[in-house]
A.B. asks: 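Before I ask anything, here is the structure I am working with.
Only this structure's heavy atoms are used, side chains among them; waters, hydrogens and symmetry mates stay out. Within every chain, numbering begins at 1; the chains are lettered A, B, ... in the order of the sequence lines, protein sequences first and strands thereafter.
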2 protein chains.
Amino acid sequence: MNTVERLVEYGIKPSVQRIAIMEYLMTHRTHPTADEVYMALCDSMPTLSKTTVYNTLKLFVDQQAALMLTINDKNVHFDGDTSLHSHFFCRKCGRVFDLPFSGKKREARELQIEGHAVEEIHHYYKGICKECSEKESLV
Amino acid sequence: MNTVERLVEYGIKPSVQRIAIMEYLMTHRTHPTADEVYMALCDSMPTLSKTTVYNTLKLFVDQQAALMLTINDKNVHFDGDTSLHSHFFCRKCGRVFDLPFSGKKREARELQIEGHAVEEIHHYYKGICKECSEKESLV
DNA sequence: AAACAATATTGTAATCATTACAAATGTGCA
DNA sequence: TGCACATTTGTAATGATTACAATATTGTTT
């Protein structure tokens, strides 16, 4: 499925900017912040506005075409992969890594927990990533 | 265990402000924001500064005497209950609810996942809480 | 193809939670 | 008592995000 099809599938009218931002999310599985998306695209799209990036990412999240990760208190990360999976946040380098979903399979199908209507499941881990751990042990 | 003992246990020198803030966290399991803690205490402690609340909560988190919940992108919530449990965030009323830990028991003991050093486990759910769901269905 | 309405994008100016910082205060000990 | 150190305080930044109004784009109707 290409980018335009994906947008349409989620009820999003494709535009040059929306295609570029979704394209970036799909090809860069780095869980970028809005600012990182803007910085990556503004060279090839000099007229791109940061507001558009924010608006567009918000639209994607509202339409469930992307996930908003509030894993870091400094800024929000976005994930174009909406399949059920977990995350690891490194407090040293600030990167977000994907992990296979760590919960019980049953849980993923539950629409209610203790009477609350569940719309999103977020499982994440914080610590020091493999690379940063290895660097640290060299010191 | 009383509040002062708890602070000392976590290597935190007790002060009037620290005791009051920890006391508040222990007796109000509402996962308050820094501002909510400040608002709740400033009447009985007129000289309390918001900076102190922020500093103190950060100290608690650093010393692992409290948890920082980045469950909401608007502001950070704090939890005085550091035992392993999950959370539910209601996107309607903004409240945070406790849930029993939803993960696998084994997982809680793992210090590494795919080579990353795990320091914190965060499992949370987003949606509409029981109370808000019931209110909505009356309309 | 012009005219129009609806939608999307842009730039700038707020907002507001959080932090930096330096002055003031409090605490413990020689 | 006085001095070193830790803590608290108030104010002024910071910086991510949003509000808003102007501009541009798109699709539709004649």
Side-chain angles (χ1 to χ4, degrees), chain A residues 3-4 7-8 10-24 31-63 65-78 89 91 94 96, chain B residues 3-4 7-8 10-24 31-63 65-78 89 91 94 96:
Chain A
T3 307
V4 172
L7 290 174
V8 172
Y10 283 101
I12 299 165
K13 199 189 289 186
S15 71
V16 176
Q17 291 84 348
R18 289 170 181 178
I19 293 167
I21 293 169
M22 178 56 83
E23 182 77 29
Y24 185 82
H31 316 86
T33 63
D35 193 64
E36 283 167 353
V37 172
Y38 173 75
M39 285 306 178
L41 296 179
C42 66
D43 280 339
S44 55
M45 295 185 75
T47 66
L48 183 66
S49 154
K50 199 175 271 192
T51 298
T52 298
V53 175
Y54 274 100
N55 287 344
T56 302
L57 289 170
K58 185 180 182 335
L59 176 69
F60 289 176
V61 172
D62 288 347
Q63 298 293 80
L67 299 177
M68 181 177 68
L69 308 180
T70 57
I71 197 169
N72 172 9
D73 60 323
K74 299 305 169 203
N75 44 26
V76 172
H77 293 254
F78 295 89
F89 176 73
R91 66 171 168 79
V96 177
Chain B
T3 307
V4 173
L7 290 174
V8 172
Y10 283 101
I12 299 164
K13 200 189 288 184
S15 72
V16 178
Q17 292 84 348
R18 289 170 180 178
I19 293 166
I21 293 169
M22 179 55 84
E23 183 77 28
Y24 185 82
H31 317 87
T33 63
D35 193 64
E36 284 166 353
V37 173
Y38 172 75
M39 286 304 179
L41 297 178
C42 65
D43 280 339
S44 55
M45 296 185 75
T47 67
L48 182 66
S49 155
K50 198 174 271 192
T51 299
T52 299
V53 175
Y54 275 101
N55 287 343
T56 302
L57 289 170
K58 184 183 183 335
L59 176 69
F60 290 176
V61 172
D62 287 347
Q63 299 293 85
L67 299 178
M68 180 176 70
L69 307 181
T70 56
I71 197 169
N72 173 9
D73 60 323
K74 298 306 168 203
N75 45 23
V76 172
H77 293 254
F78 295 90
F89 176 73
R91 67 172 167 80
V96 177

A.B. asks: Just N and O in the side chain of A/Lys74: are any of them under 4.0 Å from OP1 or OP2 of C/dT19?
C.D. replies: yes
A.B. asks: Find the distance A/Glu36:CD to D/dT17:P and express it as a whole number of Å.
C.D. replies: 11 Å
A.B. asks: Whole-Å distance between C/dG26 P and B/Arg18 CZ?
C.D. replies: 15 Å
A.B. asks: In whole Å, what is the span from the CE atom of B/Met39 to the C1' atom of C/dC16?
C.D. replies: 13 Å
A.B. asks: Main chain of A/Val53, side chain of A/Thr56: is a donor-acceptor contact present, judged purely on distance under 3.5 Å?
C.D. replies: no
A.B. asks: Just N and O in the side chain of B/Gln17: are any of them under 4.0 Å from OP1 or OP2 of D/dT9?
C.D. replies: yes
A.B. asks: Under the side-chain hydrogen bond (donor to acceptor under 3.5 Å, both in side chains) test, which residues partner A/Glu23, sequence neighbours left out?
C.D. replies: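 A/Glu23 satisfies side-chain hydrogen bond (donor to acceptor under 3.5 Å, both in side chains) with A/Thr3 only.
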A.B. asks: Rounding to a whole Å, what distance do you find between A/Tyr38:OH and D/dG15:P?
C.D. replies: 17 Å
A.B. asks: Using a 3.5 Å distance criterion without hydrogens, assess whether the side chain of B/Thr52 forms a donor-acceptor pair with backbone atoms of B/Leu48.
C.D. replies: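 No, B/Thr52 side chain to B/Leu48 backbone: no donor-acceptor pair under 3.5 Å.
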A.B. asks: Could you tell me the separation between the NZ atom of A/Lys50 and the P atom of C/dT15, rounded to a whole number of Å?
C.D. replies: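 Result: 20 Å.
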A.B. asks: Is a side-chain N or O of B/His77 found less than 3.5 angstrom from the main chain of B/Pro32, in a donor-acceptor match?
C.D. replies: no
A.B. asks: Round to a whole Å and report the spacing from CG of A/Asn55 to C1' of D/dC20.
C.D. replies: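 About 11 Å, once rounded to whole Å.
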A.B. asks: What integer distance in Å separates B/Asp73:CG from D/dA16:C1'?
C.D. replies: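 Nearest whole value for this atom pair: 11 Å.
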A.B. asks: For B/His77 and A/Lys13, take the nucleotide of DNA chain C holding the closest heavy atom to each; which residue's nucleotide lies nearer the 5' end?
C.D. replies: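 Of the two residues, A/Lys13 wins.
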A.B. asks: When all nucleic acid strands are considered with a 4.0 Å heavy-atom cut-off, which category describes B/Thr52: base, sugar-phosphate, or nothing?
C.D. replies: base
A.B. asks: Distance check: side-chain N/O of A/Ser15 vs OP1/OP2 of D/dT26, anything under 4.0 Å?
C.D. replies: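 The answer is no; no side-chain N or O of A/Ser15 sits under 4.0 Å from OP1 or OP2.
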A.B. asks: Would you indicate what B/Thr33 reaches in the nucleic acid, counting non-hydrogen atoms under 4.0 angstrom: base, sugar-phosphate, or nothing?
C.D. replies: nothing
A.B. asks: Does A/Tyr54 put a side-chain nitrogen or oxygen below 4.0 Å from OP1 or OP2 of D/dT18?
C.D. replies: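 Answer is no, no contact under 4.0 Å.
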A.B. asks: Which part of the nucleic acid does B/Asp35 contact within heavy-atom distance under 4.0 Å: base, sugar-phosphate only, or nothing?
C.D. replies: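 Counting heavy atoms under 4.0 Å across all strands, no contact is made by B/Asp35.
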A.B. asks: Report the distance from atom NZ of A/Lys13 to atom CG of A/Leu59, rounding to the nearest 0.5 Å.
C.D. replies: 11.5 Å
A.B. asks: Go nucleotide by nucleotide along DNA chain D from the 5' end; which of B/Pro46 and A/Asn75 gets its closest nucleotide reached first?
C.D. replies: B/Pro46
A.B. asks: Whole Å only: how far is the CZ atom of B/Phe78 from the P atom of C/dA17?
C.D. replies: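 The answer, rounded to whole Å, is 13 Å.
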A.B. asks: OP1 or OP2 of C/dT9 sitting under 4.0 Å from any side-chain N/O of A/Ser49?
C.D. replies: no
A.B. asks: Counting only side-chain N and O atoms of B/Thr51, is one of them less than 4.0 Å from OP1 or OP2 of D/dT9?
C.D. replies: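 Result: no.
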